[in-house]
Amino acid sequence: LKEENAILRNKINKLQILSETQADKMRKLEKKLEENKIKEEKEARDLEAMVQHVEQNLQLMTVSVGFRLSSAVRKKFSPAELRNSRLEKEELRAGQAGLAAAKQKAEAALQQLLQVTASSRASIRQLLSGAESLQLVADLLKSIDRISEL
């Protein structure tokens, strides 16, 4: 019995060390997850601000082109002015397409970040469950040890 108790105590000690190690890993993962979440939120805000800035610039450029075009019409603009206006209009359309693409990319990045966050949370829950199971086994072994001593 003493030999068996010693073996069980040794197993308990190993399980406790393993449990503590897993709890430390879990705390580190939780901290890293929180840091990543904060970073992702900041990046999302920055992307949204950038998109808004680009939209404002496009609106200003549209107004500017419209003003230039109406002024040119009043002057009975030259072919060079007409060509420049058309080029500016095409550039604006291309910029709007680029903005739409940037919005789509930002949305896709946000969805991926949300998936990573959910996956990380699930992993942390599994770690917690494993640590709790190990703690339960350690407690059970302690109880067996106490019973055998009695």
Side-chain angles (χ1 to χ4, degrees), residues 1-71 82-150:
L1 282 176
K2 287 183 181 181
E3 186 177 315
E4 190 176 332
N5 281 344
I7 291 170
L8 289 174
R9 281 188 190 117
N10 190 21
K11 287 182 180 180
I12 289 171
N13 288 338
K14 288 179 181 179
L15 286 173
Q16 286 176 332
I17 290 169
L18 181 61
S19 176
E20 290 170 4
T21 303
Q22 286 184 342
D24 286 342
K25 285 181 183 178
M26 184 185 64
R27 284 189 289 275
K28 288 177 184 176
L29 285 172
E30 285 175 337
K31 183 179 178 183
K32 188 174 182 178
L33 176 64
E34 188 62 30
E35 289 171 355
N36 284 344
K37 184 179 176 184
I38 291 169
K39 182 180 176 184
E40 292 164 3
E41 288 172 354
K42 183 187 180 302
E43 288 175 355
R45 285 191 307 269
D46 290 347
L47 278 172
E48 184 62 32
M50 182 181 70
V51 167
Q52 288 176 355
H53 182 70
V54 169
E55 284 177 342
Q56 289 172 350
N57 284 345
L58 283 173
Q59 288 174 352
L60 290 174
M61 288 170 51
T62 303
V63 170
S64 175
V65 168
F67 178 74
R68 288 181 197 164
L69 185 59
S70 66
S71 295
L82 179 60
R83 195 173 338 121
N84 287 339
S85 293
R86 286 182 185 155
L87 288 174
E88 285 183 38
K89 185 176 179 181
E90 289 173 11
E91 287 175 2
L92 281 173
R93 286 187 180 151
Q96 288 174 341
L99 177 62
K103 279 185 175 180
Q104 287 176 345
K105 287 180 182 178
E107 182 64 29
L110 176 62
Q111 292 304 320
Q112 287 176 350
L113 292 174
L114 291 173
Q115 288 174 351
V116 167
T117 301
S119 174
S120 297
R121 286 185 177 152
S123 296
I124 288 173
R125 285 187 196 111
Q126 287 177 338
L127 279 173
L128 279 171
S129 176
E132 289 173 359
S133 297
L134 286 174
Q135 187 62 48
L136 180 65
V137 169
D139 291 342
L140 181 64
L141 289 173
K142 280 183 187 177
S143 296
I144 291 172
D145 190 36
R146 288 183 192 142
I147 289 171
S148 65
E149 286 177 2
L150 290 175

Let me confirm one number: the CG-CG distance from Leu136 to Leu140, rounded to the nearest 0.5 Å. 6.5 Å
Atom pair CG (Leu8) and CD (Glu4), whose distance is rounded to the nearest 0.5 Å: 5.5 Å
Residues forming a side-chain contact (heavy atoms from CB on, under 4.5 Å) with Glu40, sequence neighbours excluded: Asn36, Leu113, Thr117
Could you check Gln22, Glu30, Lys28 and say which one makes a side-chain contact (heavy atoms from CB on, under 4.5 Å) with Met26? Glu30
Run the numbers on Ile12 and Gln16 for side chain to side chain contact (heavy atoms under 4.5 Å, CB included), then give the verdict. CA-CA 6 Å; Ile12 289 171; Gln16 286 176 332; 3.9 Å; yes
Got Asn5 and Arg9 here, is their nearest side-chain heavy-atom distance under 4.5 Å? yes
Should Glu48 and Gln52 count as side-chain neighbours, where that means a heavy-atom distance under 4.5 Å? yes
Report yes if some heavy atom in the side chain of Lys25 is under 4.5 Å from a heavy atom in the side chain of Thr21; otherwise report no. yes
If we only count heavy atoms from C-beta on, is the Arg45 to Glu41 side-chain gap below 4.5 Å? yes
Could you tell me whether Leu1 atom CG has more than 12 heavy atoms of other residues or ligands within 6.0 Å of it? no
Mind checking side-chain contact (heavy atoms from CB on, under 4.5 Å) for Ile7 and listing every partner two or more places apart, or none if nothing turns up? Glu3, Lys11
Can Lys42 and Asp46 be counted as an ion pair, charged N to O under 4.0 angstrom? yes
Kindly compute the distance separating CG (Asp139) from CG (Leu134), expressed to the nearest 0.5 Å. 11.0 Å
Would you say Ser19's side chain and Leu15's backbone share a donor-acceptor pair under 3.5 angstrom? no
